[in-house]
Amino acid sequence: MASALAHYPHFCNSAAPSGHPIAKPRISKPANPNGNKPTKLVRQSKADHLTLNRALSSFVDSGRLEHAVHLFENMPRSDAYAWNVLIRGFVNNGLFREAIELYYRMAREGIGADNYTFPFVVKACGGLLSLMEGEKVHAKLFKVGLDLDLYVGNSLISMYAENFRADLAEKVFGEMRARDVVSWNSMISGFLLVGDGWSSLALLQEMQVFGMRPDRYSLISSLGAASLTCYLQGGREIHCWAIRSGLESDLMVETCLVNMYCKCGKVDYAERLFNSVSKENIVTWNAMIDGYASNALPSESLACMKSMQDDYNLNPDCITLINMLPACAQLGSLQVLKSVHGHSIRKGFLPNMVLETTLINMYGASGGLKGAKYLFGKMAEKSLISWNAIIAAHVQNGQNEAALVLFQKLWCERLEPDAITIASILPAFAEVALLREGRQIHGYVSKLGLGSNTYISNSIIYMYAKCGDLGTAQQIFDEMLIKDVVSWNVIIMAHAIHGCGGKSIALFKEMKKYGVEPNASTFFSLLMSCSISGLVDEGWGYFNQMRGSYNIDPGIEHYGCVLDLIGRTGNLDHAKEFVKQMPLVPSARIWGSLLTASRKHGNIEMAEYAAKHILSLEHDNTGCCILLSNMYAEAGRWEDFEGIKSLMRKEGLTKTVGYSMMESGGKIHSFTNQDKCCQHASTIYGVLDIISKRIGVNIHLTRVTRFRPLDLANERAKSAAAHSVRLAISFGLISTAIGNPVLIRQNTRICEDCHSAVKKISDLSDREIIVVDAKVVHHFRDGCCSCSDYW
DNA sequence: CTTTTACGCT
């Protein structure tokens with residue numbers, strides 16, 4: 001090589017800008033230490049020509065692109081060779097735009113692109129993800145008669161696949177005059193790229209019918225296909241083929257095999273293989289670390305990483321961390337997560353979009369919304385997946401409104417939501433949206449072509465139910481082409497929250513008739529329904545069936561439902577005994593259920609007992625404090641009342657602001673308790689006044705006897721008579737057509753005073769009033785409520 | 001003198 005460069009001493013200067021291979025070459029002229037003008041060739045011989053081409057090739061091969069460019073600009077370029085070499089250099093370094101520009105410049109300078117040029121140019125189009133550019137080049141190929149060239153055809157297959165057009169790739173493949181093993185491999189990896197693993201596997205079979213012998217490329221791609229489809233049998237056949245053809249000790253093939261077995265859930269097979277392979281390559285380790293983590297073996301995952309470091313002196317790379325993070329999340333320690341985050345920063349792995357996105361996902365899953373938000377805010381580059389992660393993080397942590405805001409911001413980012421986005425955001429709509437907004441997102445889901453996605457339809461059904469429209473929920477369920485067990489669970493739950501226990505049970509029987517096997521969630525829906533509808537015997541029956549007939553161990557949530565069921569019977573001692581005898585450690589939710597029952601039945605001692613347990617588990621449980629303080633106030637136990645209040649002050653707890661929402665004329669109207677600032681306030685209070693008189697409520701003096709005189713003025717202001725739900729209903733009655741139901745959504749549970757008032761209002765106004773509270777949906781009609789007055 | 005296919009990742 002030294003002789004090839006002898007003519008150009010400054011290229012040999014070791015101080016040149018990139019004496020060693022670099023990842024991202026910058027295109028600039030190299031320093032010219034002699035201060036000479038760039039060398040120009042005046043005269044050339046054939047030998048010079050060859051030498052220059054060799055030098056160019058050498059620069060390109062060693063990644064010294066700026067040198068290559070400089071030489072290229074100063075050498076004679078009578079044929080396509082030099083152009084081809086530089087185009088290759090650009091493509092191999094990811095400079096696709098530059099490669100294509102050079103190709104056009106070549107044409108402008110009158111040099112025809114040849115059969116060597118086009119494969120690179122086509123590859124650049126694939127790398128750019130520019131189908132348009134690719135088709136333009138393809139048209140040119142057709143014109144110059146190179147479209148049937150083997151190499152060109154092979155590159156076209158990859159280009160179309162990279163642009164997610166398996167159909168066009170297949171067309172090229174089908175029309176080729178001759179196919180070699182690369183053609184088949186390109187098509188196999190092409191199908192894999194577009195997510196069609198089954199076609200990849202079929203093609204692996206087919207190539208053998210055509211007398212083509214699969215090589216390591218074929219195996220690597222088709223193992224990816226077996227992983228994607230979780231087709232263990234196919235994967236094992238490929239494993240056999242690898243052994244028969246002597247490829248079983250090919251490290252890349254082995255890595256793919258480890259990955260395939262893990263993706264198919266056979267960690268033990270993967271482990272056996274892993275133990276027998278050479279461990280010099282971090283990729284193999286990463287495959288195993290991921291395998292453990294995604295098969296719910298977090299400790300093994302972390303141990304594997306430790307062994308990699310301790311026993312093989314390999315340092316974790318970015319992908320190691322991405323793969324081990326789910327293991328951290330499974331171990332449930334926010335602290336460990338934070339330390340991995342810190343480690344990523346110290347090792348210089350950040351910024352990295354995939355790692356950051358994974359961290360956001362894990363923070364979200366571990367209750368670390370703060371960390372997730374911080375990371376997202378700092379990200380230099382965000383993909384749709386990053387947005388999906390931050391949206392899911394908010395939804396998982398109960399920040400539904402904020403999640404909806406983020407979802408809206410997506411529009412401004414020229415990003416189109418995908419199925420994951422929709423699946424993440426739908427639960428937020430279910431929790432806080434009004435029916436009109438629910439319908440809007442439903443329409444949008446259909447427009448995206450996700451209307452027949454079972455997973456998403458399940459969420460849509462639940463959303464309609466939570467928005468108060470059980471009819472539409474049932475209709476969508478009925479029209480679903482493919483129902484899975486979740487679909488049934490959801491429709492049972494939909495009827496549960498509307499207080500239709502009988503229908504839930506009927507649906508449960510129907511699902512069994514259809515041969516759908518109930519799971520633990522099915523029983524949760526069913527037990528929830530029995531508890532909400534007060535079907536005590538049925539509830540106990542299903543609870544016993546769980547273990548007896550279905551071999552499903554009840555989880556804490558099932559015990560919670562049964563406890564609610566016992567609670568509503570009023571036998572609080574039985575409830576307490578049930579908690580004591582539970583085989584699971586009672587959670588705050590369990591004690592909360594006992595607390596609620598104690599409140600309903602006015603048993604203040606039991607309430608104190610339950611609250612003590614709640615606060616020992618969650619010292620900042622606002623709901624518990626509020627409930628207990630209300631009970632003290634009602635009982636006139638002012639010292640205890642003050643005690644709770646001061647405890648709350650000490651903990652910095654504030655009562656969540658309750659509000660009710662109602663949609664009218666395409667607008668959302670929101671009301672807080674005693675809201676004086678809402679739109680049309682005077683009209684609304686006027687209506688409320690009339691209604692209150694008609695139903696016999698003194699708007700200024702409800703529940704006054706329960707409060708001590710000193711607090712009278714204070715409590716008067718807090719009177720339930722002007723609770724948000726009543727303001728919303730007053731507004732609803734005058735802003736909707738007579739005969740239509742009034743649909744209200746409120747973020748808290750409806751209070752007892754309001755519940756009995758709304759019953760009377762429904763009778764008085766002859767309207768159906770639907771109040772979606774934080775847990776159930778109340779249908780008020782003719783003076784009665786669907787919840788049978790227990791909620 | 002050059003060209004195509006390739007492991008682990010949200």
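Every chain is numbered from 1 and lettered A, B, ... according to where its sequence line falls, protein lines coming before strand lines.
Side-chain atoms of A/Thr421 and A/Ser424 form no donor-acceptor pair, as typed in the model, at a separation below 3.5 Å. Residues A/Ser183 and A/Asn154 have side chains that bring a donor and an acceptor to within less than 3.5 angstrom of each other.
Ring pair A/Tyr103/A/Phe118: centre-to-centre distance below 6.0 Å. Taking the six-membered ring wherever Trp is involved, the centroid distance between the rings of A/His341 and A/Tyr363 falls below 6.0 Å. Within the 6.0 Å centre-distance limit, the rings of A/Tyr312 and A/Trp285 are counted as a close aromatic pair.
Classification of the A/Tyr160-A/His138 ring pair by plane angle, with boundaries at 30° and 60°, yields tilted.
Within 4.0 Å of A/Ile360, counting heavy atoms only, lies no atom of the nucleic acid at all. If you check every strand for non-hydrogen atoms under 4.0 Å, A/Val85 touches nothing. Nucleic acid contact for A/Asp290: sugar-phosphate only, since backbone atoms but no base atoms lie under 4.0 Å from a heavy atom of the residue. At the heavy-atom level, A/Lys382 lies nowhere under 4.0 Å from the strands shown. A/Phe120 comes within contact range of the sugar-phosphate backbone alone, with a heavy-atom separation under 4.0 Å but no base atom that close. Among the heavy atoms of the strands, none lies under 4.0 Å from A/Asp149. A/Ile220 comes within 4.0 angstrom of the backbone, heavy atoms only, and of no base. At a threshold of 4.0 angstrom between heavy atoms, the contacts of A/Asn361 are confined to the sugar-phosphate backbone, with no base atom among them. Heavy atoms of A/Asn388 sit nowhere under 4.0 angstrom from any nucleic acid atom.
Where DNA chain B meets chain A (any atom under 4.0 Å from a heavy atom), the bounding nucleotides read 5' to 3' are B/dC1 to B/dT10.
Here the closest heavy-atom approach between residue A/Pro417 and residue A/Leu410 is recorded as CG-CD1, 4.1 Å.
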Checklist entry - Passes salt bridge (Lys or Arg N to Asp or Glu O under 4.0 Å), A/Arg88 versus A/Asp61? Steps please. => result CA-CA 9 Å; A/Arg88 167 167 65 100; A/Asp61 289 339; 2.9 Å; yes

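In terms of modelled atom types and a separation under 3.5 Å, the side chain of A/Asn295 and the main chain of A/Leu297 share no donor-acceptor contact.
The stretch residues 226-239 of chain A has no heavy atom under 4.0 angstrom from DNA chain B at all.
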